[in-house]
*Asks:* 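Here it is, the structure in full.
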Number of protein chains: 2
Amino acid sequence: MLLSIEPDGPVPIYQQIRDRIVEAIATGDAPVGSGLPATRQLGVDLGINFHTVNKGYDLLRQEGLLRIGRKAGAVVQRDATSGPPRPGWEEGWTARMRTMLAEAIAQGLASEEIIVHCQDIIAGFVPATHYGPAVGEAS
Amino acid sequence: MLLSIEPDGPVPIYQQIRDRIVEAIATGDAPVGSGLPATRQLGVDLGINFHTVNKGYDLLRQEGLLRIGRKAGAVVQRDATSGPPRPGWEEGWTARMRTMLAEAIAQGLASEEIIVHCQDIIAGFVPATHYGPAVGEAS
DNA sequence: GGCTCTGTTCTATATGAGGTGCATCATAGG
DNA sequence: CCTATGATGCACCTCATATAGAACAGAGCC
C-alpha cells in the first residue's frame, strides 16, 4: 500500500487519501480483508497529522468501503467482487458523473471519444480478471 | 436560462452555478454566442450576492467556455461544436474521471454497467444532432 | 455631454472548512 | 501491567466561502 499525496494541491489531503484508496480498491491492490496502515503510521509516512488520515478513513467508512476496529485498524470491507452497490449511492454518483461528462462535451470531446476514454481507464483498473476468463488465462 | 441552486448543500454555490452552466452548454441550451444573465440580475433571481455569481462566471472564463465583456456581459464562447479541447485540459479531467470510475468499481458496479450509464447520460445531453446532418436539417 | 447598464476592483466582515498539535480515554492483545 | 491502536475533545491557525458596500471603467444610448 504505497500512497503518494500532493500536500500543496487544490484538493484536500484527506480527500486525496480517500481517492487513492478508492482507486487501490478498484485496481485490486486493496482487496476485501486487507488491512490499511494505522492512522498514526500513515501520518508519519506521509508527513501529515494522523487526524487528517483519520478523516480520510472515516469518509471511506461512511461510504461502506472500510470497516474500522479498535485493534484490527482499517480493513477493506467492499470491492468489485462484493455485489451490487448500496441503495441510494447511485443517485449522487450519477449527478456528479453528469457534470463530468457535460464538461467533456462542452470542451469539444466527441461522445465516442469520451466512452473510449472511460473504457480505457476502466481497462487500466481491472485486468479483465473479474468478469470471466481473460486473455491468456485458462478458461 | 433557468438555473436552480441548492443554497444549503455541501457543494459551494459558485460551483453549482458553474456546473449548471456547463451542463446547459452540453445540452445545447446555451449555444455559442448566447448571452448569460447579468451577474447582478442573476444574483437577484437566485437570492444570492452578485459576487458569488461573478465567481462562477469567472471559473467558466478560465476554462475557456465563456467570454466576458463590459457591455455584452457573459457570452458562451465554446460548446460541443467548437472543435477539439484546449491542450492541457484533458490531463486533469482524466485524473478526476479516474477517481469517479474507481469509486463505481469499488462500489460494485460492473464495467459494462458503468459504460452504459455514461452512454445514457450523454444521450440525454446530445440528441444526436451534433455529428452530421440532423433530423430536419439541410445537409 | 450626460445617463445607464455592465463588469471590475477594493475593502471589510462573518462563518465554516482544512490542517495541525496536544492531551486523554477506551479497547484489544501480549 | 504494558503497549499499540482508534476515538474523542480542545485549542489554534490559515484559508475558502459568502455577503456587503463602495467606487471605478468601458460601452451603448439619448
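None of these values were measured; they are calculated from a predicted model. Just so we're on the same page: letters track the sequence lines, and every chain starts at 1. Worth knowing before you read on, the calculation uses all heavy atoms, side chains too, and leaves out hydrogens, waters and symmetry mates.
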*Asks:* Under a criterion of less than 4.0 angstrom to any heavy atom of chain A, what are the 5'-terminal and 3'-terminal contacting nucleotides of DNA chain D?
*Replies:*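 Here the contact window of chain A covers dA4(D) to dG9(D).
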*Asks:* Compile the donor-acceptor pairs under 3.5 Å between side chains in residues 33-43 of chain B and protein atoms, sequence neighbours left out, one pair per line.
*Replies:*
unit_1	atom_1	unit_2	atom_2	d
Ser34(B)	OG	Pro31(B)	O	2.7
Gln41(B)	NE2	Asp45(B)	OD1	3.1

*Asks:* What pairs of residues pass the ring-ring contact (aromatic ring centres under 6.0 Å, His included) test when at least one of them lies in residues 53-107 of chain B, not counting sequence neighbours?
*Replies:*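 Non-adjacent pairs meeting ring-ring contact (aromatic ring centres under 6.0 Å, His included): Trp89(B)-Trp93(B).
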*Asks:* Quick one: list whatever passes salt bridge (charged side-chain N to carboxylate O under 4.0 Å, His left out) with Glu90(B), sequence neighbours left out.
*Replies:*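 Checked Glu90(B) against salt bridge (charged side-chain N to carboxylate O under 4.0 Å, His left out); zero matches.
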*Asks:* What pairs with Arg96(A) under salt bridge (charged side-chain N to carboxylate O under 4.0 Å, His left out), at least two apart in sequence or on another chain?
*Replies:*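 Salt bridge (charged side-chain N to carboxylate O under 4.0 Å, His left out) check on Arg96(A) returns Glu103(B).
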*Asks:* Of Gly69(A) and His51(A), whose nearest nucleotide on DNA chain D comes first from the 5' end?
*Replies:*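 Its nearest nucleotide lies further toward 5', so the answer is Gly69(A).
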*Asks:* For Val44(A), what are the other residues in its hydrophobic cluster, where any two members join if their side-chain heavy atoms are less than 4.5 angstrom apart?
*Replies:*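 Once heavy-atom contacts under 4.5 Å are chained together, Val44(A) still belongs with nothing else.
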*Asks:* Could you list who else is in Tyr14(A)'s hydrophobic cluster, with ILVMFWY side chains joined at under 4.5 Å, directly or through other members?
*Replies:*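 Answer for Tyr14(A): Leu59(A).
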*Asks:* Kindly write out the residues that satisfy salt bridge (charged side-chain N to carboxylate O under 4.0 Å, His left out) with Arg78(B), not counting sequence neighbours, or none if the list is empty.
*Replies:*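 Once residues adjacent in sequence are excluded, Arg78(B) has no partner under the salt bridge (charged side-chain N to carboxylate O under 4.0 Å, His left out) criterion.
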*Asks:* Earliest and latest nucleotide of DNA chain C, 5' to 3', sitting under 4.0 Å from a non-hydrogen atom of chain B?
*Replies:*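 Range of nucleotides touched by chain B: dC5(C) to dC10(C).
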*Asks:* Which residue pairs pass the ring-ring contact (aromatic ring centres under 6.0 Å, His included) test when at least one of the two sits in residues 101-120 of chain A, sequence neighbours left out?
*Replies:*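 Of all non-adjacent pairs touching residues 101-120 of chain A, none passes ring-ring contact (aromatic ring centres under 6.0 Å, His included).
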*Asks:* Applying salt bridge (charged side-chain N to carboxylate O under 4.0 Å, His left out), can you list everything that pairs with Arg61(B), at least two apart in sequence or on another chain?
*Replies:*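 For Arg61(B) the salt bridge (charged side-chain N to carboxylate O under 4.0 Å, His left out) partners, ignoring immediate neighbours, are Asp58(B).
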*Asks:* So, Glu63(A) and Arg86(A), do they make that salt bridge, N to O below 4.0 Å?
*Replies:*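 Not counted as a salt bridge, because no side-chain N and carboxylate O are separated by less than 4.0 Å.
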*Asks:* Which residues, if any, of residues 9-20 of chain A bring a heavy atom under 4.0 Å of DNA chain D?
*Replies:*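 Residues of residues 9-20 of chain A that come under 4.0 Å of DNA chain D do not exist, since none gets that close.
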